[in-house]
Visitor: 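Mind having a look at this structure? Questions to follow.
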Protein chains: 2
Amino acid sequence: MNSEFTIAVHSLVYLAYLPERMASSEMIAHNVGTHSARVRKVMSGLRKAGYVDTREGAGGGYKLTMDPNVVTLGDIYKVMAQGSLIPSWCTGDPGMDCVVGSNMNQVMFGIFCKAEKQLESHFTGITIQDVLSQIHACG
Amino acid sequence: MNSEFTIAVHSLVYLAYLPERMASSEMIAHNVGTHSARVRKVMSGLRKAGYVDTREGAGGGYKLTMDPNVVTLGDIYKVMAQGSLIPSWCTGDPGMDCVVGSNMNQVMFGIFCKAEKQLESHFTGITIQDVLSQIHACG
DNA sequence: TCATACTGTAATATTATCAATTACAGTTAC
DNA sequence: GTAACTGTAATTGATAATATTACAGTATGA
């Protein structure tokens, strides 16, 4: 699984947790446990998808624009990690003589696609606020 | 996703397809599109789990022992790729001061575990015979 | 207007993971 | 005894993930 998805979720939950709902890449990176450049890349994707606002320059940073009760992990998955379940490595070869060898690729692809849809719908059942609530329940 | 799972499924479907339900690692490797040593490693796991029988020596190879209508991809997943959905890379750090940073790891782990259970149950709904039937339907 | 504090992005290094390859001991059939 | 297999591990090579560095662009405030 793509770790950018996890970083994105963590960042959004962190923003939702902050009273101002705003933080710099440096602050987020420290909370997530990675480097600010990586956070900026992930946040750039979230901005393009409309989940955060960016302000460049001094005092700038990222601000959550969406309602944490509305945005789901499914939304984030679609933006950051869609297709991550399907293996890049495929077996068989369509040019083969054998029915099994020549069609396995296609059949497995179909199976993985369905699996991915189910995974997505699982994530769609969890909002950013849900994650934050679970975190508070940990304490 | 671990490609050993795909190799295992392909191998079992291939065995189920053969009239004798038997083949050497060389034959399987050719059909799958990888090397015999890799096939042997995967088949070794399937043997330990009881899905195939092995015969060493000349004229040996692997033989399907289970009913293709009974063995599911879920069974194979459990043996070959369990846990593959959970990212190895984790965000946050339990020793942190911030509630979010210190608990995110645990919460995300729980979410991924549930996701994995659903994935498993998706695979459990598909038998080796189902895959073979889908392949025949391709022609 | 200049220094400062940010984002955006790309390039490069560094690891980690995955897969191919090789090797060889052990086993069975003939 | 030889040939054809499996079992397993070690090594190499390829690819992907992550960290690091760098710097141009932009806003803020003295």
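By convention in this document, chain letters (A, B, ...) are assigned in the order of the sequence lines, proteins followed by strands, and residues within each chain are numbered from 1.
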Visitor: Could you check which residues of residues 46-55 of chain B get a heavy atom under 4.0 Å from DNA chain D? Sort them by number, please.
Guide: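 The stretch gives B:R47, B:K48, B:T54, B:R55 as the residues lying under 4.0 Å from the strand, ordered by number.
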Visitor: May I ask you to evaluate whether B:S3 reaches the phosphate of C:dA19, defined as a side-chain N or O under 4.0 Å from OP1 or OP2?
Guide: yes
Visitor: Roughly how many Å is it from CE in A:M80 to P in D:dT18, rounded to a whole number?
Guide: 11 Å
Visitor: Quick one: are A:Y14 and A:M27 in side-chain contact, heavy atoms under 4.5 Å?
Guide: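 Answer yes - side chains close enough.
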Visitor: Can you tell me the distance, in whole Å, between the CZ atom of B:R40 and the C1' atom of C:dA25?
Guide: 12 Å
Visitor: Looking at A:E20 and A:K63, does any basic side-chain N land under 4.0 Å from a carboxylate oxygen?
Guide: no
Visitor: Is it true that A:Y77 and A:T124 share a donor-acceptor pair across their side chains at a distance under 3.5 Å?
Guide: no
Visitor: Consider the side chain of B:S24, meaning its heavy atoms from C-beta on, and name the nucleotide among D:dA9, D:dA19, D:dC5 that approaches it most closely.
Guide: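 The closest nucleotide is D:dC5.
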Visitor: If we count only N and O atoms by modelled type, under 3.5 Å, do the side chains of B:R38 and B:S3 hold a donor and an acceptor together?
Guide: yes
Visitor: Tell me the interatomic distance from B:N2, atom CG, to D:dA16, atom P, rounded to whole angstroms.
Guide: 16 Å
Visitor: Between A:M43 (CE) and C:dT9 (P), how many Å, whole number?
Guide: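 After rounding, the reported distance stands at 14 Å.
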Visitor: Rounding to an integer number of Å, can you tell me how far B:E4 CD sits from C:dC18 P?
Guide: 9 Å
Visitor: Do B:F123 and B:D75 come within less than 4.5 Å of each other through their side chains, counting heavy atoms only?
Guide: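 Counting from C-beta outward, B:F123 and B:D75 never come under 4.5 Å.
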Visitor: Under the side chain to side chain contact (heavy atoms under 4.5 Å, CB included) test, which residues partner B:N105, sequence neighbours left out?
Guide: B:C90
Visitor: Mapping A:S36 and B:G61 to their closest nucleotides on DNA chain D, which lands nearer the 5' end?
Guide: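 Comparing both residues, the 5'-ward one is B:G61.
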Visitor: Hey, does the side chain of A:S44 come within less than 4.0 Å of C:dT9's phosphate (OP1/OP2), counting only N and O?
Guide: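 It does, given that an N or O in the side chain of A:S44 lies less than 4.0 Å from OP1 or OP2 of C:dT9.
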Visitor: Measure up the B:H136 and B:Y17 rings against each other and bin them: parallel (under 30°), tilted (30 to 60°), perpendicular (over 60°).
Guide: tilted
Visitor: Starting at atom NE2 of B:H30, determine the distance to atom C1' of D:dC5, rounded to an integer number of angstrom.
Guide: 19 Å
Visitor: So which nucleotide from C:dT28, D:dA19, C:dG8 ends up closest to the side chain of B:W89?
Guide: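 Out of C:dT28, D:dA19, C:dG8, the nucleotide with an atom closest to B:W89's side chain is D:dA19.
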Visitor: Tell me whether the side-chain N/O atoms of A:R38 come closer than 4.0 Å to OP1 or OP2 in D:dT18.
Guide: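 Checking A:R38 against D:dT18: at least one side-chain N or O falls below 4.0 Å of OP1 or OP2.
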Visitor: Could you tell me whether the phosphate oxygens of C:dA19, OP1 or OP2, come under 4.0 Å of any side-chain nitrogen or oxygen in B:T34?
Guide: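 It does not, given that no N or O in the side chain of B:T34 lies less than 4.0 Å from OP1 or OP2 of C:dA19.
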Visitor: Which one, C:dT27, C:dA19, C:dA5, comes nearest to the side chain of B:E56?
Guide: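 Selected nucleotide (nearest to the side chain): C:dT27.
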Visitor: Hey, is the side chain of B:S25 poking within less than 4.0 Å of OP1 or OP2 on D:dT6, counting only N and O atoms?
Guide: yes
Visitor: Round to the nearest Å and state the distance from B:E26 atom CD to D:dG7 atom P.
Guide: 14 Å
Visitor: How many Å lie between CE on B:M22 and P on D:dA4, as a whole number?
Guide: 16 Å
Visitor: Quick check: on DNA chain D, is the nucleotide nearest B:G57 upstream (toward 5') of the one nearest A:G59, or the reverse? Name the residue that is more 5'.
Guide: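 Nearest-nucleotide comparison on DNA chain D picks B:G57.
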Visitor: Go through the steps for B:D130 and B:T127 under the test side-chain hydrogen bond (donor to acceptor under 3.5 Å, both in side chains), then give the verdict.
Guide: CA-CA 5 Å; B:D130 289 337; B:T127 66; 3.2 Å; yes
